[in-house]
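These numbers come from the heavy atoms of this one structure, side chains and all, not from hydrogens, waters or symmetry mates. These numbers were taken from a predicted model, which means no experiment stands behind them. Position 1 is the first residue of the sequence; numbering continues from there.
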Amino acid sequence: MIQEWLQVEGLRLWLQAQNDSRGAGKAPFLSPQSWPPPLPPAQSEIMKVVNLKQAILQAWKERWSDYQWAINMKKFFPKGATWDILNLADALLEQAMIGPSPNPLILSYLKYAISSQMVSYSSVLTAISKFDDFSRDLCVQALLDIMDMFCDRLSCHGKAEECIGLCRALLSALHW
């Protein structure tokens, strides 16, 4: 469903851009090489983020299990989708923390994403440190539980940038 929407929306945006560049009233010429239409990077990233939130809400509405959620997310966002660039941890926490208590189903998606290494520890710590409504005790407790889930496994064996990012995330979590 989301993939179909992406294709239709992509075609609509491409046709609109073609009409704008050639003048109103002219029908765009579709050559075989011009489909699928390339979107500008900023526009395609915005669409991915919007669709990421829509996919999370669809999963919640249909009560997908965490395993089913991960499989479907990888179908919706195939190869090349970097979950940290799309801010998956931010999107999940934003949706989970709506209301007086955290949404346990969406939190289970985040926990699965952490345990299956779909998201990095640094992106999760950064997302947690953005939460600032400390009057909601249950939400704060859930965030502390998430940090407790992986605090004994924190390490960085990647590039220097990744290690520095983890250090920055740890500092922001410490400040939080």
Side-chain angles (χ1 to χ4, degrees), residues 1-6 41-42 44-134 136-176:
M1 181 172 137
I2 291 178
Q3 287 176 333
E4 293 170 11
W5 182 84
L6 275 172
S44 65
E45 288 303 316
I46 290 170
M47 287 177 61
K48 286 180 182 177
V49 170
V50 168
N51 291 322
L52 178 65
K53 291 181 181 181
Q54 288 176 345
I56 293 168
L57 288 175
Q58 179 183 354
W60 174 75
K61 286 177 186 175
E62 295 178 10
R63 302 293 190 251
W64 293 348
S65 68
D66 50 6
Y67 180 73
Q68 183 183 12
W69 170 80
I71 290 172
N72 288 328
M73 290 300 286
K74 290 177 183 178
K75 284 181 190 173
F76 294 152
F77 299 93
K79 287 183 181 178
T82 310
W83 302 112
D84 286 347
I85 291 175
L86 292 176
N87 294 321
L88 177 62
D90 276 333
L92 286 168
L93 277 178
E94 181 183 322
Q95 293 301 317
M97 297 300 158
I98 294 174
S101 64
N103 185 314
L105 185 58
I106 296 179
L107 281 181
S108 75
Y109 299 157
L110 178 61
K111 290 176 183 177
Y112 190 87
I114 294 168
S115 63
S116 65
Q117 299 179 349
M118 283 176 70
V119 293
S120 66
Y121 295 135
S122 59
S123 69
V124 175
L125 288 171
T126 303
I128 288 173
S129 64
K130 291 178 184 176
F131 183 79
D132 62 355
D133 190 357
F134 296 103
R136 297 191 295 167
D137 297 338
L138 295 173
C139 291
V140 173
Q141 181 63 46
L143 295 175
L144 290 171
D145 289 342
I146 289 172
M147 284 197 297
D148 187 47
M149 181 178 108
F150 63 83
C151 69
D152 58 337
R153 290 181 276 156
L154 281 178
S155 64
C156 187
H157 301 288
K159 299 176 186 172
E161 297 87 25
E162 294 171 3
C163 296
I164 291 171
L166 180 59
C167 291
R168 287 185 177 147
L170 281 168
L171 283 173
S172 65
L174 182 63
H175 179 71
W176 178 75

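For the residue pair Glu62 and Gln58, a side-chain donor N or O sits within less than 3.5 Å of a side-chain acceptor on the partner. For the residue pair Asp137 and Gln141, no side-chain donor N or O sits within less than 3.5 Å of a side-chain acceptor on the partner.
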| Steps toward side-chain contact (heavy atoms from CB on, under 4.5 Å) verdict (Glu161, Ile164) | CA-CA 5 Å; Glu161 297 87 25; Ile164 291 171; 5.8 Å; no
| said: Quick one, Leu170 with Leu154, criterion side-chain contact (heavy atoms from CB on, under 4.5 Å). Give me CA distance, side-chain angles, the key distance, then yes/no. | reply: CA-CA 10 Å; Leu170 281 168; Leu154 281 178; 3.5 Å; yes
| request: May I have the step-by-step check of side-chain contact (heavy atoms from CB on, under 4.5 Å) for Leu107 and Met97, ending in yes or no? | output: CA-CA 9 Å; Leu107 281 181; Met97 297 300 158; 4.1 Å; yes
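Inter-residue side-chain proximity for Leu93 and Leu143 is flagged as met; some heavy-atom pair is nearer than 4.5 Å. Inter-residue side-chain proximity for Ser108 and Leu105 is flagged as met; some heavy-atom pair is nearer than 4.5 Å. Taking 4.5 Å as the limit, every side-chain heavy atom of Gln95 sits out of range of all side-chain heavy atoms of Asn103. Residues Asp66 and Lys111 have side chains not in contact (no heavy-atom distance under 4.5 Å, counting atoms from C-beta outward). Residues Tyr109 and Met73 are not in side-chain contact: their nearest non-hydrogen atoms beyond the backbone lie 4.5 Å or more apart.
A search for side-chain contact (heavy atoms from CB on, under 4.5 Å) contacts involving Met147 returns Leu125, Ile128, Leu144, Ala173, Trp176, not counting sequence neighbours. Arg168 meets the side chain to side chain donor-acceptor pair (under 3.5 Å) test with no other residue; sequence neighbours excluded. Take Asp133 and apply the side chain to side chain donor-acceptor pair (under 3.5 Å) test, not counting sequence neighbours, and it matches Ser135, Arg136.
Going from atom CD of Glu162 over to atom OG of Ser122 covers 8.0 Å, rounded to the nearest 0.5 Å. Note that OG of Ser129 is 10.5 Å distant from CG of Leu171, once rounded to the nearest 0.5 Å. Between the CZ atom of Phe150 and the OG atom of Ser115 there is a distance of 11.5 Å, given to the nearest 0.5 Å.
Closest approach of Ala55 and Trp64 over heavy atoms only: O-CZ3, 4.5 Å. Between Pro100 and Leu138, the closest heavy-atom pair is O-CB, 4.4 Å. Looking at every heavy atom in both residues, Tyr121 comes nearest to Arg153 through CE1-O, 3.7 Å. The minimum heavy-atom distance between Cys139 and Gly99, with the atom names listed, is SG-O, 4.2 Å. In terms of heavy-atom proximity, Leu92 sits nearest to Ile106 at O-CG2, 3.3 Å.
Between the side chain of Thr126 and the main chain of Ser123, no donor-acceptor pair closer than 3.5 Å is present.
No more than 12 heavy atoms of other residues, nucleotides or ligands lie within 6.0 Å of OH in Tyr67, so this atom counts as exposed by the packing criterion.
Ion pairing between a basic and an acidic side chain is recognised when a charged N comes within 4.0 Å of a carboxylate O; Asp90 and Lys130 show such pairing.
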